[in-house]
There are 2 protein chains.
Amino acid sequence: MARRFTIADIAAAAGVSKGAVSYALNGRPGVSDATRARILAIAAEMGFVRNRAARSLSVASAQAVGIALRRSARTLGIEPYFMELISGIEATLSAASFGLTLQIVDSLDAELEVYRRWWAERRVDGILLCDIGVDDPRLDRVADLGLPAVAVGGPVQGARLPAVWHDDAEPCRDVLEYLHALGHRRIARVAGLPHLLHTAIRDRAYAETAAGLGFASVTTVHCDYTGEESARVTRRLLTAPGRPTAIVFDNDVMAVAGLGVAHELGIAVPGGLSIVAWDDSPLCRLTHPALTSLTRDITAYGAQCAQALLAVIGAEPERHAAVRCRPAELSPRGSTGPPRT
Amino acid sequence: MARRFTIADIAAAAGVSKGAVSYALNGRPGVSDATRARILAIAAEMGFVRNRAARSLSVASAQAVGIALRRSARTLGIEPYFMELISGIEATLSAASFGLTLQIVDSLDAELEVYRRWWAERRVDGILLCDIGVDDPRLDRVADLGLPAVAVGGPVQGARLPAVWHDDAEPCRDVLEYLHALGHRRIARVAGLPHLLHTAIRDRAYAETAAGLGFASVTTVHCDYTGEESARVTRRLLTAPGRPTAIVFDNDVMAVAGLGVAHELGIAVPGGLSIVAWDDSPLCRLTHPALTSLTRDITAYGAQCAQALLAVIGAEPERHAAVRCRPAELSPRGSTGPPRT
DNA sequence: CTGAAAGCGCTTACAG
DNA sequence: CTGAAAGCGCTTACAG
């Protein structure tokens, strides 16, 4: 437990003022090259690291970013999405020597309260807003706070916050065209929460494309991303008359559950039922057959979100008002094939 | 974007000194009840929230706890364990108005460097050490730093750090006795990383119990918790002569992958093969049949870990040197049954 | 019970 | 190029 040194210690050792040490450490003009080198050497030798609180207090910046997640422990655990996203965010932040503060909340009010507090106490310099909804009230509320923020999802037209998002419509079209080409005509979709923006975008893209391709039927059932609900819904879809020959699921967890139901009912996959998952986590390769899915690099997406937020905060040179990322791409695997007639 | 108030503003409005405001806000003696009430009312009206950095600088405490995870984005995403753990930790911390700082690292050195930096810059008051290994070098290194810490896992005999852990041996015995009672005699185990402490504890518990019960064979194969490795290993186990009638997996992800392999090989579960998973995430109920598994409340476990750390830091009254939590309990489901002879 | 002051460890104008 | 000083917003002995 070595003693913690301060710039005063370095100043004393180098025979200069604290101000000079600060300039040297921060690579700013105000000290000669020789003095700077000497100061840096002494600091390195002492194993000096700036006290965060003192620095934050001086520069009025927390050097940290916050994320509040409004999901239950179980949902957070089971959905690979979040950890992959956070992992990408974190990598970018730590490269900029920014910290990541995480909080889990259970209501919209609690979430907004967290933002208010974080900003008031300057615990964070900005936040990443996840799970963007249709007409999301948080966009305005956060903008009102003056808290720098980036929406993880979009597009959010007219919002006062920049957004980073994937185009969700194009992959929907890809999937339907693919299933159509395989010969499927009766399709169902087990969708995510209807109030989420990307669900709404997919709803519309599927509806439009389906109409264009002339499918006999495209049934959409919304549920909550859990395996339980997906299983219940899938069971109903598969036992009703005129059952679909293919089901598209809005995430990987629901797709795995759907596959389980097919097994349970003795329906062969893909012969009796084709399955497509959204979000290509390793989960999709755990099953037999492996699941055809819409692949996107969520870790890279997280990194872009963090980058955009740093830009808004002003910690990065360039600034992007909104970033549109590469759409998900279809990865065909064993769970899709021509329907057995 | 309302103006941010400071205690100086409150002091001016209340006609008292900044010191009095501080005492009132912190519920400390030094102000009369009447003055305190007046100050508090003004503070509330202003929507005052203390500046974190200033407070941290004064009290020499970060009011935050750190976790560095040495896992890839993919592993973190797929294993429900971490998010459930973090969720429990976070709930406890935020109740104590402590923040959680998260960092993902890719090597032991990077991890230790993060701890050193966090502690040097006082970004955290303490850390939670995850994935405890056999003879884990971090226990000593962190203790050397003088950084308050709690080991999430154990028991760690002779360590200078307190630990919070589950007994891993008892559930192992439970599983073997259960499988034995069902009539299984040839068993295999797809285990986790051998250098992790809980893997070693399970290794030994299985070996001892198996010997006592007189199993014909208990084969253990170590792998890395991923579905890929588990699938490979399971495939080998099930295609070799004298294949096991039951396999115990060290986590849920590997068990799901193992079930996929059984399907692939046309082996009925549980008739041709019984499967037991460790860690009862929702994943275990996604499959068909649902997986028999060892259930423990990981969120509650995370809460206990956070509690212990707060105690070590001194933010909580009681202090626990080490906490032993309830062992996992067997939840029998559809994936286990008597072997078909 | 109350006020004035020093201090936490930095950063940053402002004079020399 | 360098030094002395003020200030960030709190907390906390120390006098009254």
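First the proteins, then the strands, lettered A, B, ... as listed; each starts at 1.
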To the nearest angstrom, how far is [X] atom [atom1] from [N] atom [atom2]?
{"X": "Lys18(A)", "N": "dA13(C)", "atom1": "NZ", "atom2": "P", "result": "16 Å"}
{"X": "Leu57(A)", "N": "dT11(C)", "atom1": "CG", "atom2": "C1'", "result": "10 Å"}
{"X": "Arg52(A)", "N": "dC8(C)", "atom1": "CZ", "atom2": "P", "result": "21 Å"}
{"X": "Met46(B)", "N": "dG9(D)", "atom1": "CE", "atom2": "C1'", "result": "15 Å"}
{"X": "Ile10(A)", "N": "dT11(C)", "atom1": "CD1", "atom2": "C1'", "result": "14 Å"}
{"X": "Asn51(B)", "N": "dG7(D)", "atom1": "CG", "atom2": "C1'", "result": "13 Å"}
{"X": "Phe48(A)", "N": "dT11(C)", "atom1": "CZ", "atom2": "P", "result": "7 Å"}

Salt bridge or not between [X] and [Y]? Use side-chain N to carboxylate O under 4.0 Å.
{"X": "Arg160(B)", "Y": "Asp144(B)", "result": "yes"}
{"X": "Asp106(B)", "Y": "Arg71(B)", "result": "no"}
{"X": "Arg117(A)", "Y": "Glu121(A)", "result": "yes"}

*Phosphate OP1/OP2 of dT11(C): any Arg55(A) side-chain N/O under 4.0 Å*: yes
*Kindly say if Arg50(A) contacts the phosphate of dG9(C), meaning a side-chain N or O under 4.0 Å from OP1 or OP2.*
no
_If I take atom CD from residue Glu90(B) and atom OG from residue Ser94(B), how far apart are they, to the nearest 0.5 angstrom?_
4.5 Å
*Measure the shortest side-chain to side-chain distance between Ile127(B) and Val65(B) over non-hydrogen atoms and say whether it is less than 4.5 angstrom.*
no
*Side-chain touch Asn51(A)/Thr6(A), heavy atoms, less than 4.5 angstrom*: no
*Is it the case that Asn26(A) and Arg50(A) place a side-chain donor and acceptor less than 3.5 Å from each other?*
yes
_Where Ala151(A) and Ile132(A) come nearest, the two heavy atoms and their spacing_ = CB-CD1, 3.7 Å
*Between Gly15(B) and Ser58(B), which has a closest nucleotide on DNA chain C that is more 5'?*
Gly15(B)
_Candidate nucleotides dA4(D), dC8(C), dC10(C), ranked by approach to the side chain of Ser17(A) - the nearest_ = dA4(D)
*Taking only Watson-Crick and G-U wobble pairs with both distances under 3.5 Å, what dot-bracket line describes DNA chain C, where [ ] shows pairs that cross earlier ones and | shows pairs with another strand?*
|||.||||||||.|||
*Taking the six-membered ring of Trp119(A), is NZ or CZ of Arg122(A) closer than 6.0 Å to its centre and within 45° of its axis?*
yes
*Residues from residues 20-36 of chain A sitting under 4.0 Å of DNA chain D, heavy atoms only?*
Gly30(A), Val31(A), Ser32(A), Thr35(A)
